[in-house]
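Some notes on the structure that comes next.
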Amino acid sequence: MKAGLLSQYFAGVGVKSLTGTEVDPAVSRGHEFQGVDSFRAFLGTPADKIRVPVKYVWLSDEEPPLVLPLSGTWYDSRRGKGHRGPEYRLYYPAAAEEVVYRARQGDTLFLCMGKDESLLALLCASDSSIEQQLLWLFGLDLAGKDLVQRDLRQEDGRVLDLAARYVLELADVEVVADADEWLERLLKAFPGGLPPTRRFSAFARDLAAEVDPLANPDQALLTWMDIEERLFMTYERHIVGERLRQGFVADGIADVDGFVRYSLEVQNRRKSRAGYALGHHVEALLEAHAIPHKREATTEKRNGPDFLFPSEARYHDMHWPEDRLLMLGVKTSCKDRWRQVLAEADRIERKHLLTLEPGISQTQTDEMRKEKLQLVLPRPLHGSYRPAQQAELAGVGDFLELARAVGAEAQGPLTLL
């Protein structure tokens, strides 16, 4: 199954810091993005103003994207001034203010030229996770108020693996991640529809014969998750297509409520299955490495950690040293949900959280460190973090070594109180 490429979605991308003149109505109501003259490589150098379809998107680490599909005007702001060279700017309409005015001076604009010749204007706060994730995805560095860009017509750009698809979806870009060549085999293996998550995860791992979970657990986890997501999207696309062909009509009347319910079911199923899949694949790694553990353990709380080491019995043995206990929370993405892990095992001071989220902001990882939370990510994702952050990250293999050491010490008798 071949992954897609960034160049399949964009002809070019650019990034710049925003000035007060561009986004602060108290400074200017000019409604222009400036410092974007180099984007003429994609929008051309027309003599007259041209209108371009533009989707304006405000991206936040805390809230869903705010999306406004509108238009913009590309024009030479120095036209008629013969003594000066051309300078092209992008004018945004008043209707875009709801997105643009959320930004502040120093925040970030990403301009993306779609393969369909429409523009995507992504705005986000400076030093946010989504800014760091987009810089990593596009392979760009901020250099001030003038646009820094990449021409993806000359290169393929990043491979759209699991992490890259995650960031694009955060930016409200729908990524086709199915594997149609596997649909027939999926239908043969699961003729009754999607199976329980554990069976589906095992099926995905069986297709990844090229990865070695013992020699390279970090890559194995990413590969398993990538394959399962694409298999799931393939099967789901088939299921949803069949349901849409049936239509949503009741007694000759369009069943709008039924359609909305079905749509929500699809979205919720995607989210829940991803979480279960990650848990299943982490458990498969632990079993491959013969590491004692308890999944979905019970500690002081009804909702204990996703994984407890070396066992639930050792956790409740008050004579067992607390520094020989480990816990691991497992979340496909963190957001503010990482705080939930802090309350899941009172005896364990330093907690571990495994995630697949690339490029979490420095502010967030600093806060995690203060709360004695160790972030665990597959090593191929460490490059999406800043150098100072990378020094504090643990790889999947690193955690397995730690858990193995704890398990090796857990062979003596229990003294439960």
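It should be emphasised that the depicted structure is a prediction, and the values quoted were computed from it without experimental measurement.
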Next item on the list: For the pair Y92 and F33, evaluate ring-ring contact (aromatic ring centres under 6.0 Å, His included) and give the outcome as yes or no after the intermediate values.
Entry: CA-CA 8 Å; Y92 59 85; F33 291 132; 5.0 Å; yes
Next item on the list: Write out all pairs satisfying salt bridge (Lys or Arg N to Asp or Glu O under 4.0 Å) with one or both partners inside residues 126-135, taking only residues at least two apart or from two chains.
Entry: D127-R386
Check: Just checking, R347 and Y315: is the charged tip under 6.0 Å from the six-membered ring centre and within 45° of the axis?
Finding: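 Yes, a cation-pi geometry holds between R347 and Y315.
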Looking at [X] and [Y], does any basic side-chain N land under 4.0 Å from a carboxylate oxygen?
| X | Y | result |
| --- | --- | --- |
| K370 | E367 | no |
| K16 | E22 | yes |
| D366 | R369 | yes |
| D151 | R153 | yes |
| R379 | D398 | yes |
| D172 | K55 | yes |
| R150 | E155 | yes |
| R89 | D76 | no |
| R79 | D48 | yes |

Taking atom [atom1] of [X] and atom [atom2] of [Y], what is their separation to the nearest 0.5 Å?
| X | Y | atom1 | atom2 | answer |
| --- | --- | --- | --- | --- |
| L59 | Q133 | CG | CD | 10.0 Å |
| D146 | S17 | CG | OG | 10.0 Å |
| E312 | T299 | CD | OG1 | 8.0 Å |

Notebook entry, point to check: Taking the inter-plane angle between the rings of F138 and F110 on a 0 to 90° scale, is it parallel (under 30°), tilted (30 to 60°) or perpendicular (over 60°)?
Noted result: tilted
Check: Do the ring planes of F190 and F200 sit parallel (below 30°), tilted (30 to 60°) or perpendicular (above 60°)?
Finding: tilted
Hey, does [Y] have a side-chain heavy atom less than 4.5 Å from the side chain of [X]?
| X | Y | value |
| --- | --- | --- |
| L308 | T298 | no |
| K49 | Y91 | no |
| V148 | L142 | no |
| L134 | V167 | yes |
| V159 | L5 | yes |
| L354 | V282 | yes |
| W58 | V100 | no |

Next item on the list: I would like to know whether H293 and S311 meet side-chain hydrogen bond (donor to acceptor under 3.5 Å, both in side chains); could you show each step before the answer?
Entry: CA-CA 5 Å; H293 65 279; S311 67; over 6 Å; no
Note to self: Ignoring hydrogens and geometry beyond distance, is a side-chain donor-acceptor pair present between E357 and Q364 at under 3.5 Å?
What the structure shows: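 No, no side-chain donor-acceptor pair sits under 3.5 Å.
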Margin query: Under 3.5 Å, is there a donor on one side chain and an acceptor on the other for Q105 and T19?
Written below: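 No, no side-chain donor-acceptor pair sits under 3.5 Å.
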Note to self: Which residue is it: K294, R295, R205? I am looking for the one with a salt bridge (Lys or Arg N to Asp or Glu O under 4.0 Å) to E283.
What the structure shows: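 Checked K294, R295, R205 against E283; only one passes salt bridge (Lys or Arg N to Asp or Glu O under 4.0 Å): R295.
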Notebook entry, point to check: Between D226 and R165, does a salt bridge (charged side-chain N to carboxylate O under 4.0 Å, His left out) hold up when you go through it step by step?
Noted result: CA-CA 10 Å; D226 181 74; R165 295 197 301 267; 2.9 Å; yes
Check: Mind checking whether F309 and F399 have ring centres under 6.0 Å apart?
Finding: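 Yes, the ring of F309 comes within the 6.0 Å limit of the ring of F399, centre to centre.
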Next item on the list: Please lay out, stage by stage, how E98 and L66 fare under the test side-chain contact (heavy atoms from CB on, under 4.5 Å).
Entry: CA-CA 9 Å; E98 187 179 358; L66 174 60; 3.9 Å; yes
Check: Has the side chain of D218 got a donor or acceptor atom that lies under 3.5 Å from a matching backbone atom of G395?
Finding: no
Notebook entry, point to check: Passes side-chain contact (heavy atoms from CB on, under 4.5 Å), L356 versus L278? Steps please.
Noted result: CA-CA 9 Å; L356 302 180; L278 182 56; 3.9 Å; yes
